[in-house]
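Taking it in order: structure first as structure tokens, then the write-up.
Naming convention: chains lettered A, B, ... in sequence-line order (proteins, then strands); numbering from 1 in each chain.
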Amino acid sequence: MNHQKSGSKNTKSNTNTRENDNNTSDTNFIRQAIEEDIASNRFDGRVHTRFPPEPSGYLHIGHAKAICISFGIAEDYDGLYNLRFDDSNPITEESEYVEAIKRDVHWLGFDWEEREFYASDFFETLYEYAVKLIEKEKAYVCDLTPDEMRTYRGTLVTPGKDSPYRNRSVEENLTLFGGMRNGEFPDGSRTLRAKIDMSSPNLNMRDPVMYRILRAHHYRHGDNWCIYPTYDFTHGQSDSIEGVTHSLCDVQFEDHRPLYDWFLESLEIYQPRQIEFARLNLTYTVLGKRKLKVLVEEGHVNGWDDPRLPTLAGMRRRGYTPESIRNFCNRIGVSKADNLIEIGQLEYSIRDDLNRNAPRVMAVLNPVKVIIDNYPEGQVEMLDADNNPEDENAGTRKIPFSKEIYIEREDFMEDPPRKFYRLAPGREVRLKHAYYITCENVVKDENTGEIVEIHCTYDPETRGGWSDDGRRVQGTLHWVSAEHAVNAEVRLYDSLFTEREPENAAEGADWMKFLNPDSLEILNNCKVEPSLLDAPPESRYQFLRMGYFCVDSDTTPEKLVFNRTVPLRDSWAKIQKGQK
RNA sequence: AGGGCGGUGGCCAAGCGGUAAGGCACAGGUCUUUGGAACCUGCAUGCGUAGGUUCGAAUCCUACCCGCCCUGCCA
């Protein structure tokens, strides 16, 4: 069941490496439909898709799914894809968002070349289309107020009734619609409606509004217009104008498809095919621009790029790679069934990528000092450390070792439980890339009882972490030389919500009450190896045994700041849980 | 006088009348200078339910049940 994966694709300006993910489900109902269209020569065998965001917020992982579907399919069938801003509502749209969206789509690894469109650039054509429908007696100017219109529309189970303005003459409608455009009527006083069927069981067909009067400044066209087309009168025609063949969208628009087709057929213009798929839902978070906007605007997070957010900007800052997001989207598949993807699926995708590609480095997040009593005072050795055991070409680097080092506080226990393989009194462990050390005793703070120093001895014969006598140690610890350590701030993230389905768990609609108060933990006294000193923002590392981290944009020459992207899988934590 | 769309293991998802792919998760095990990774093994006599057609049904038919979406001059 392999559809053609063109060997010549992606030869353009994609800077990201596009690995073929062999977990990709290479068949789904959309691809099947497209293959049928190619086989039947509908659209002359062309495949041309589009991604149509409204510039009213930032893109999130749900948009990434839509982008990967639309753009990924176009690439796989040697087709084209457009980026189109669906900007027919001046009230919510801003240039800031179009810039952010373009940045995020590029970052994801897609290049729409010169095919960047704005629905608002089609306003003049759309206006002409509207006139054409009036002339064909398929549209009329309606003076009903919003409340009246709602009443006339009927309900889910009862038919609506015709507007008293439904049978105005073509001439009157033309005059009135021209007047609407020329600003002769106040906002909201009239609309242009499609004349379809007020008794249709599909509410979208009960004479939907095509144009409303709205004196609002459009971020792109200023005050040129005081009437704006609605989504329904804009989307299909934009697809048509752009030559799109397959208009892939959310299942929520299934009910709109008859209207999408009606406008195109009535207008007698080129008619693309709309196909719908289920939107992404993720556990322990909320998706949806409105909700994300609330979190940002009410200050529950620090901006659209807060690393806890499922926005692409936030995920980028968190340390996610574009590849990992694309692979995630491929792995979860496409269908029309409601879905709730476990956040672990996303974590798997980033670990999978970073494990293969992120350089290893040592960093101690919660340090405790270890003094090696028999190590010569003042001596410093530069030890070899491999940069990535998963990558032969990653090379090695030198790391300094000395008499005083830091290790992770939780890597030592005075009274260790079963299966604790780390440092404890009398026990020998390996310091990664360095030596075997044995714990001799500990020094505690007289008042608090907290361990302040651990005294050890090392075996000089185990340089590099090997011993010739075949002696084996159970544990291997990461460490940083105290004298050479660089201080850093490390930000640890937990899920934004405490509920698996915050939107459904609430009795009412108060998903906000499930915000996790501990979603951000800041560690201020972390010690990282000196090679990290000049690491640029967004560079990613594996902190050995601790997880994947990336340099945050808050980093300054005085202070290194890291974000934990995701911890390593931790089977010790599981054992501990089992022991309790 | 409601309409539309869905229901295959814990979470996704193939399947398209020939005897339930794959991924994540989970459970064992091997290996290991990351308790990581990798590797091996296990994990639906079952496809919303009940009937029917058929040599044979997740796939076809009938009825029923459940879930989601739709009553903006948002998209």
Contact class for A/R422 vs. all strands (heavy atom < 4.0 Å): base, sugar-phosphate, or nothing?
-> base
Which nucleotide in the set B/G36, B/C5, B/C11 lies at the smallest distance from any side-chain heavy atom of A/E254?
-> B/C5
Closest listed nucleotide, where the reference is the side chain of A/Y348 and the choices are B/U34, B/C24, B/A75 | B/C24
To the nearest 0.5 Å, how far apart are CG in A/D353 and OG1 in A/T565?
-> 10.5 Å
Of all the choices, B/C11, B/U32, B/G36, which nucleotide is nearest to the side chain of A/R472 once you look at every atom?
-> B/U32
Go ahead and name the base partner of B/C31; Watson-Crick or wobble counts if both distances stay under 3.5 Å, otherwise write none.
-> none
Taking atom types as modelled and ignoring hydrogens, do the side chains of A/Y260 and A/D239 form a donor-acceptor contact shorter than 3.5 angstrom?
-> yes
At under 4.0 Å between heavy atoms, what does A/K574 touch on the DNA or RNA strands: base, sugar-phosphate, or nothing?
-> sugar-phosphate
Going by the side chain to side chain donor-acceptor pair (under 3.5 Å) test, name the single residue among A/D570, A/T476, A/D411 that passes it with A/R545.
-> A/D411
State whether the distance check finds a donor on one side and an acceptor on the other, under 3.5 Å, for side chain A/E390 versus base B/G36.
-> yes
So, A/T283 and A/R500: side-chain donor and acceptor under 3.5 Å apart, yes or no?
-> no
Would you indicate, yes or no, if B/C74 has its OP1 or OP2 atom less than 4.0 angstrom from a side-chain nitrogen or oxygen of A/S88?
-> no
First encountered from the 5' end of RNA chain B, between A/A278 and A/G475 = A/A278
Touch class at under 4.0 angstrom, heavy-atom based, for A/R279 against every strand present = nothing
Does B/G72 sit syn or anti, given that only angles within 90° of 0 count as syn?
-> syn
So, A/Y231 and B/A75: ring centres less than 5.5 Å apart, planes less than 30° off, yes or no?
-> no
Sort out for me which residue in A/V334, A/I69, A/I73 forms a side chain to side chain contact (heavy atoms under 4.5 Å, CB included) with A/R31.
-> A/I73
Between A/R360 and A/H478: side-chain donor-acceptor atoms closer than 3.5 Å | no
Under 4.0 Å between any heavy atoms, over every strand shown, what does A/R360 touch: base, sugar-phosphate, or nothing? Just pick one.
-> base
Whole Å only: how far is the CG atom of A/N357 from the C1' atom of B/G36?
-> 15 Å
B/U59 and B/C47, which share atom name C1', separated by this distance in whole Å = 10 Å
Atom CD1 of A/I30 to atom P of B/A14: distance rounded to whole Å?
-> 10 Å
Mind checking the C1' distance from B/G72 to B/G67? Whole angstroms is fine.
-> 25 Å
Nearest-angstrom distance, P atom, B/C43 to B/G22 | 11 Å
Say you pick atom P in B/G23 and the same atom in B/U62; how far apart are they, in whole Å?
-> 37 Å
Nucleotides 67-73 of chain B: protein proximity per nucleotide (B base, S sugar-phosphate only, - neither; heavy atom, under 4.0 Å) | -SBBBSB
When all nucleic acid strands are considered with a 4.0 Å heavy-atom cut-off, which category describes A/Q542: base, sugar-phosphate, or nothing?
-> base
Pick base, sugar-phosphate or nothing for A/I332, based on heavy-atom distances below 4.0 Å to the nucleic acid.
-> sugar-phosphate
Quick one: is A/T27 getting a side-chain N or O under 4.0 Å of the B/A14 phosphate, OP1 or OP2?
-> no
In whole Å, what separates the C1' atom of B/A44 from that of B/C39?
-> 26 Å
Choose from B/A37, B/G23, B/G35 the nucleotide whose nearest atom is closest to any side-chain atom of A/Q345.
-> B/G23
When only distance counts, do a donor and an acceptor, one from the side chain of A/Q32 and one from the base of B/C16, lie under 3.5 Å apart?
-> yes
Touch class at under 4.0 angstrom, heavy-atom based, for A/P52 against every strand present = nothing
According to the Watson-Crick and G-U wobble definitions, with both distances under 3.5 Å, which nucleotide is paired to B/G6?
-> B/C66
For A/R331 and A/S349, test the side chains for any donor-to-acceptor distance below 3.5 angstrom and give the result as yes or no.
-> yes
Walking RNA chain B from its 5' end, the first of A/F29 and A/Y548 to be reached, judged by nearest nucleotide, is A/F29
Whole-Å distance separating the CG atom of A/N28 from the P atom of B/C12 | 17 Å
Assess whether one donor atom and one acceptor atom, taken from the side chain of A/R569 and the base of B/G35, lie less than 3.5 Å apart.
-> no
Please state how far atom CE in A/M205 lies from atom C1' in B/G4, giving the value in whole angstrom units.
-> 13 Å
Interatomic distance at C1', B/G17 relative to B/G4, whole Å | 28 Å
Give a yes-or-no answer on whether the side chains of A/Y58 and A/E96 include a donor-acceptor pair shorter than 3.5 Å.
-> yes
Scan A/H235 against the nucleic acid and name what it touches under 4.0 Å (heavy atoms): base, sugar-phosphate only, or nothing.
-> nothing
Selection from B/G35, B/A14, B/C11 that lies nearest to any side-chain heavy atom of A/T476 = B/G35
On a plain distance test, is the side chain of A/E342 in donor-acceptor contact with the base of B/G10 below 3.5 Å?
-> yes
Rounding to the closest angstrom, what is the interatomic distance between B/U53 and B/U45 at atom C1'?
-> 22 Å
Mate of B/C26 across any strand shown (Watson-Crick or G-U wobble, both atom pairs under 3.5 Å) is B/G42
Contact class for A/F277 (heavy atom, under 4.0 Å): base, sugar-phosphate, or nothing?
-> nothing
Would you mind reading off the distance between A/R31 atom CZ and B/A13 atom P, rounded to a whole angstrom?
-> 15 Å
Would you say A/E276's side chain and A/C249's backbone share a donor-acceptor pair under 3.5 angstrom?
-> no
Which whole number of Å gives the distance between the P atom of B/U34 and that of B/G42?
-> 28 Å
Kindly indicate, with the supporting measurements, whether the criterion side-chain hydrogen bond (donor to acceptor under 3.5 Å, both in side chains) is fulfilled by A/Y541 and A/E529.
-> CA-CA 12 Å; A/Y541 302 88; A/E529 65 169 71; over 6 Å; no
B/A14, B/A13, B/G36: which one has an atom nearest the side-chain heavy atoms of A/L568?
-> B/G36
Could you check A/D121 against A/H221 for side-chain hydrogen bond (donor to acceptor under 3.5 Å, both in side chains), going step by step and ending with a plain yes or no?
-> CA-CA 8 Å; A/D121 288 353; A/H221 297 280; 3.0 Å; yes
Ring geometry between A/F497 and A/W511 (parallel below 30°, tilted from 30 to 60°, perpendicular above 60°) = tilted
Under a 3.5 Å limit for both distances, which nucleotide forms a Watson-Crick or G-U wobble pair with B/G36, could you say?
-> none
Over how many whole Å does the gap from A/R356 atom CZ to B/U34 atom C1' extend?
-> 18 Å
Using purine N1 to pyrimidine N3 plus N6-O4 or O6-N4 for Watson-Crick, or N1-O2 and O6-N3 for G-U wobble, both under 3.5 Å, which nucleotide pairs with B/A20?
-> none
Side chain of A/A337 (C-beta onward), nearest among B/G7, B/G35, B/A1 | B/G7
Verify the contact: side-chain N or O of A/R545 to OP1 or OP2 of B/G35, cut-off strictly under 4.0 Å; return yes or no.
-> yes
When rounded to whole Å, the NZ to C1' distance for the pair A/K291 and B/C74 reads 15 Å
